[in-house]
Structures are given as C-alpha cells and as structure tokens.
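What you see below is based on every heavy atom in this structure, not just the backbone, and it leaves out hydrogens, waters and symmetry mates. In this text the structure is predicted, and so the values were computed from the model without any measurement. Every chain is numbered from 1 and lettered A, B, ... according to where its sequence line falls, protein lines coming before strand lines.
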Amino acid sequence: MLHGHQTWIFNNQPIIIAAATVGGPFEAEGPLANDFDLLHSDLWLEQDSFEKAQKKMLEEACLEAIQKGGLQKQDVQFFLAGDLLNQIISSSFAARTMATPFLGLYGACSSSMESLALGALIVNSGAGNHVLCGTVSHNGAVEKQFRYPTEYGSQKPPTAQWTATAAGVVLLAAEGEGPKVTCATIGKIVDMGISDPYNMGGAMAPAAVDTITAHFRDLRIDPREYDLIATGDLGRVGHEIAADLLKKHNIKIPAEIFTDCGIMIYGPDQQSEVLAGGSGCGCSAAVTYGHILNRMKRGELRKVLIVATGALLSPLSYQQKESIPCIAHAVSIESIQ
Amino acid sequence: MSNKQKKKLTAVQQEYQSFAKAREPGRPVFKNIIRAFIVGGIICIIAQGISDFFLWNFDFTEKTVGNPTGAIMILISVILTSLGIYDHIAQWAGAGTAVPVTGFANSIASAAIEHRSEGLVLGVGGNMFKLAGSVIVFGVFAAFVVALIKTTLAMLGGS
C-alpha cells in the first residue's frame, strides 16, 4: 500500500467503470466539446442562481455516471465530492439529491484528484464496492465568490485564468470493465510567497513539481513510463514554469507527453477571454474524465498521470495580504487488459 | 512587490519568485495606455455630442448641461452592463472605461445584477455599493478636505 513517503499503490486496482462530464456554453465552443456527455447552452441551466446551476451540473454528472455504470443510486456506497463555493454547498446539495453516504472534500482545484485518490483507497481496501467521486465549478458562481461581479469591467492581466463551467464524475468499482487506478501521490502544501490571485499558475507550479518529484522518487520509475502527464490547471504561464522547474530538478519529462488540462480545454480563438487558460476544479475533472479517458478507451493512451493542482486561498486571506498555499495530488490511471 | 514584503520571504521563495517572474508575461502597459487613451477619448466625444445636443435643443446652459449628460452616460453604461457587453469592452480598454462615470455606473450595476439572486434587500441593496462604496467614502472625504483647505485659505486671505 504505502510506498515511499507519500504514495499509495492500489494492489486491488479499483476500476473506473463509468465516467460522466457536463459542460457549459463556453466549453461547448472549445476543442474538447465532443468529449462532454452533456453540454448546456444556457449558463444558468434554467436555474435562478449560478450556485443552483453549479449544483445541477454535479447532479447531472452523478446520475449520468451511475446510469452509464448500469447501477441504481442505492448501489453506490459512498459519494466523495468537492467544489469551490463556501462550505462546498454544491457538493452537499448534490449529495442531498443522491441520498448516498457522503464525504465532502475541499482541495480547491485539486479536489478532482483528491476525491479520486480517496475513492480508490476506499475501493482498494474493500470498504466500499461502488464509490462515486466528482467535482464541479461554474464560472459565474466562482468568479462571484473569489473575484469581482461577472459583469464588472476590470482588466485582467495575461497571467489570469478563466474558471471553467464543468463537472466531472467517475464511478469506481472493485470489479468491472474499464481503466484502473493504480497509484496516487498525496501532495504537501507548498507556498512560495506569491499573493497575486491573478497569477495562480505561477503560485501552483512549485506544488505540482513537488508532487511529481515525490511520485517518481517514491515509485522509482522513469517519467517515460507514462504516455501522458497532465497537470491540473496551471494554464500556459504555470505550465511553462513547471516544465522549467522540473528540468532544473533533473526530472526529464519529454515535452510531447507533458501537458495541462487548463490549456487543453479552450481553443486558440477563446484565448482573448481565457488569457492564461482554464481553471476551477471542474476543469481537470472534465478534461480527465472526458477527453483523456476517451483517448484511453480508443487505445491512444495506456498509462496517464494526472496532477491536479489547487490554490488554497480565500477572498479573506487575499485581502489580509496572505500568500497563496498550494497543493497538488497525482493519480495514475492505466488501461490494463 | 515592495521591499518590505520581500524581506519576509525566505531565500528559496525569493529565488523562485525571480525564476517565475522571468517566465510570466507582464502586463502590456504601453498597449494598455494607448487603448485607454482611445476608448476614454471616444467616451468623452460621445458625452460631448450628447451635451451639445442638449445645449442646442433644450433650455440648458454650460453649467446645467452636465447633469442630463451624466445621466445619459450612466444609462448607456448600465444598459451595456446588463447586456453583458461592458466587461468585454473593459477587458480591451482598461482604464479607458474604468475612469469615466461609465466605469462607476458599471461597478454599481454589475454588483446589483450579481447579487439579485440573494433578494432585493440582502442581495441588491446590501451589495450594490460593494465596489463603489470605497470610491464614495474616499471621494466624499477628499472633497471635505479640499473644501476645508479652500475655506481656510479664503478666511486667511479675507477676500
């Protein structure tokens, strides 16, 4: 189980028997639109608040995943979820609808891999046969809480990122068909003293590098064993910093297998809006559970490492001039025949 | 970052920050200044047109025409904010749209729209001046200080 300092190897290899992703209108214009199960043309999802829309996206993704897995709600033993709103209300409200035993998580944008790692741990240990793990973020709801009103005309710097309107959910099971979760590295908080919330990529890059370094150190494997290593949502700026930092730490990851979910989700024509790239805990979840798992299903990828990064700031801590504590969790997914 | 803040950082943090800084695109200051100049100028031309229209067609003087002109500019800004257009112009224009009265109107309207979902009293009423509040507080205080200085000088000068 525990391997090295902070890595879990899942000997029983929990299986992702189903995955579901939901996206908003802006994501529907992006290059990964075809990888979403459900896309909404209305940012409000016909709800009367952005917060309710965010909750509805998570509910839809959960129900879709359960249906794809050929199960009923009551077959799911545990539901692990997180989001970016205060007191993770979207996750709790979705769990109310699901009526399954629930564990709420907060790891900012790293919640996607935090929930997958913990879900895999539950299934691996035999504490549950079917576990649902998911995260959601909504551009309107998250910007409202962390930044300015959505319609406020403030000029964002080129290092700023765009919160994705997306939800991603996976259903883990002890038995079944699908890619397997083989190991996970739990990250520690890294704070390099950056306090600018418009430069999350720069703040989170060292955390991603720390976890990637720990992963390869603990497992004593070469990065080239992976077909793809994707960081959560560092964006263009953070991804470039992370790539250079890894080189400095002498970890050789070939440039063609090292990518970032925040870069992948939006296309070049959306560049002027998203600036450095996508962010939000729905971003890495939707890209991984949609696009990347689809590529694995088609046989294009065999073994991937997803390193979801989270900036653990709050609007209050930012106003009190605190720096941004960051974290990253890495999970390895393999398609083993 | 100020030197005082930098002193609190450890050597590793300082080293990383200069490492990261070299890889971050800076704000395009010169481009932003040019854009702000153009857009700010266009807004002023529009306001001047409205002002002249009122002067020629109605019974206004140079002194009184400011009020209806300001009102029209605020109305235009609020309509553009409600249609979701203003923030896109602002990302391009920067200070060009933030400094004129249209920016002030946008800050109030956007906050009011944003918090409509929390109701009229706690939402709209309580949050409308979330951004504009500090402008009003410091604007009124600055006006008070200026008025105080002017009055004092006038008393001393005895004119």
Side-chain angles (χ1 to χ4, degrees), chain A residues 43-44 47-53 140-141 143-145 147-160 162 190-196 198-199 201-207 209-210 234-245 247-248 272-276 315 321-323, chain B residues 1 5-6 8-10 12-17 19-29 32 35-36 77-78 80-98 102-118 123 127-128 130-132:
Chain A
L43 191 63
W44 294 83
Q47 306 292 306
D48 52 20
S49 73
F50 287 144
E51 289 76 11
K52 284 183 188 161
E143 297 278 325
K144 175 179 178 178
Q145 181 178 305
R147 299 191 181 117
Y148 295 118
T150 37
E151 298 305 332
Y152 178 56
S154 69
Q155 195 176 39
K156 292 174 189 154
T159 48
W162 174 274
V190 177
D191 187 340
M192 282 299 173
I194 288 179
S195 52
D196 177 10
Y198 282 117
N199 184 16
M204 295 190 294
V209 170
D210 187 77
L234 294 177
R236 276 170 200 84
V237 178
H239 187 71
E240 194 194 326
I241 295 172
D244 287 349
L245 262 186
K247 259 179 232 156
K248 212 173 134 189
S272 62
E273 289 270 349
V274 305
L275 301 160
K321 311 247 177 335
E322 292 271 4
S323 56
Chain B
M1 184 179 285
Q5 258 179 314
K6 216 164 194 171
K8 277 192 233 153
L9 299 172
T10 64
V12 181
Q13 285 177 327
Q14 286 188 26
E15 192 196 329
Y16 171 71
Q17 294 205 354
F19 180 86
K21 197 101 217 138
R23 284 154 184 84
E24 282 160 15
R27 277 182 186 260
V29 178
N32 287 351
R35 285 177 174 184
S77 168
V78 171
L80 289 176
T81 304
S82 312
L83 294 175
I85 300 169
Y86 199 89
D87 58 328
H88 293 281
I89 306 173
Q91 175 63 29
W92 195 87
T97 51
T102 50
F104 191 67
N106 163 257
S107 75
I108 297 173
S110 63
I113 295 168
E114 187 87 345
H115 294 280
R116 178 65 187 88
S117 53
E118 285 87 71
N127 290 293
M128 210 164 165
K130 197 164 84 169
L131 298 164

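When B:Ala98, B:Ala95, B:Gly84 are compared by the number of non-hydrogen pairs under 4.5 Å with chain A, B:Gly84 comes out ahead. Annotation: maximal heavy-atom pairing with chain B below 4.5 Å, among A:Pro149, A:Pro206, A:Ala276, occurs at A:Pro149.
Considering only heavy atoms from C-beta on, A:Met192 comes within 4.5 Å of B:Val12 through its side chain. By the 4.5 Å heavy-atom criterion applied to side chains, A:Lys144 and B:Ser117 are counted as neighbours. Contact check for A:Val237 versus B:Pro25: side-chain heavy atoms found under the 4.5 Å cut-off.
When all heavy atoms are compared, the tightest approach of B:Leu131 to A:Tyr148 is CD2-CD2, 3.5 Å. Residues A:Gly193 and B:Leu9 share a closest heavy-atom pair of CA-CD2, 3.8 Å. Nearest heavy-atom pair across A:Thr150 and B:Asp87 is O-OD2, 3.2 Å. Contact between B:Phe19 and A:Ile241 at its shortest, heavy atoms only, is CE2-O, 4.0 Å.
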Listed pairs under 3.5 Å, donor-acceptor, residues 102-110 of chain B side chains, sequence neighbours left out:
unit_1: B:Thr102; atom_1: OG1; unit_2: B:Tyr86; atom_2: OH; d: 3.1
unit_1: B:Asn106; atom_1: OD1; unit_2: A:Gly153; atom_2: N; d: 2.8
unit_1: B:Asn106; atom_1: ND2; unit_2: A:Glu151; atom_2: O; d: 3.0
unit_1: B:Asn106; atom_1: ND2; unit_2: B:Thr81; atom_2: OG1; d: 3.1
unit_1: B:Ser107; atom_1: OG; unit_2: B:Phe104; atom_2: O; d: 2.8
unit_1: B:Ser110; atom_1: OG; unit_2: B:Asn106; atom_2: O; d: 2.8
unit_1: B:Ser110; atom_1: OG; unit_2: B:Ser107; atom_2: O; d: 3.3

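Rounded to the nearest 0.5 angstrom, B:Glu24 CD and A:Ile194 CD1 are separated by 6.0 Å. Here the CZ-OG1 distance, from B:Arg27 to A:Thr159, works out to 7.5 Å after rounding to the nearest 0.5 Å.
Within the 4.5 angstrom heavy-atom criterion, no atom of A:Ser323 approaches chain B. Heavy-atom distances place the side chain of A:Lys248, and not its backbone, under 4.5 Å from chain B. Only the side chain of A:Asn199 comes within less than 4.5 Å of a heavy atom of chain B; its backbone N, CA, C and O stay farther away. With a 4.5 angstrom heavy-atom cutoff, B:Leu80 does not touch chain A via any of its atoms.
The environment of B:Glu15 atom CD is sparse: at most 12 non-hydrogen atoms of other residues, nucleotides or ligands sit within 6.0 angstrom.
Remark: A:Glu143 engages A:Arg147, A:Thr163 in a side chain to side chain donor-acceptor pair (under 3.5 Å) (not counting sequence neighbours).
Listed for the A:Gln155 side chain is a donor-acceptor partner under 3.5 Å among the backbone atoms of B:Gln91.
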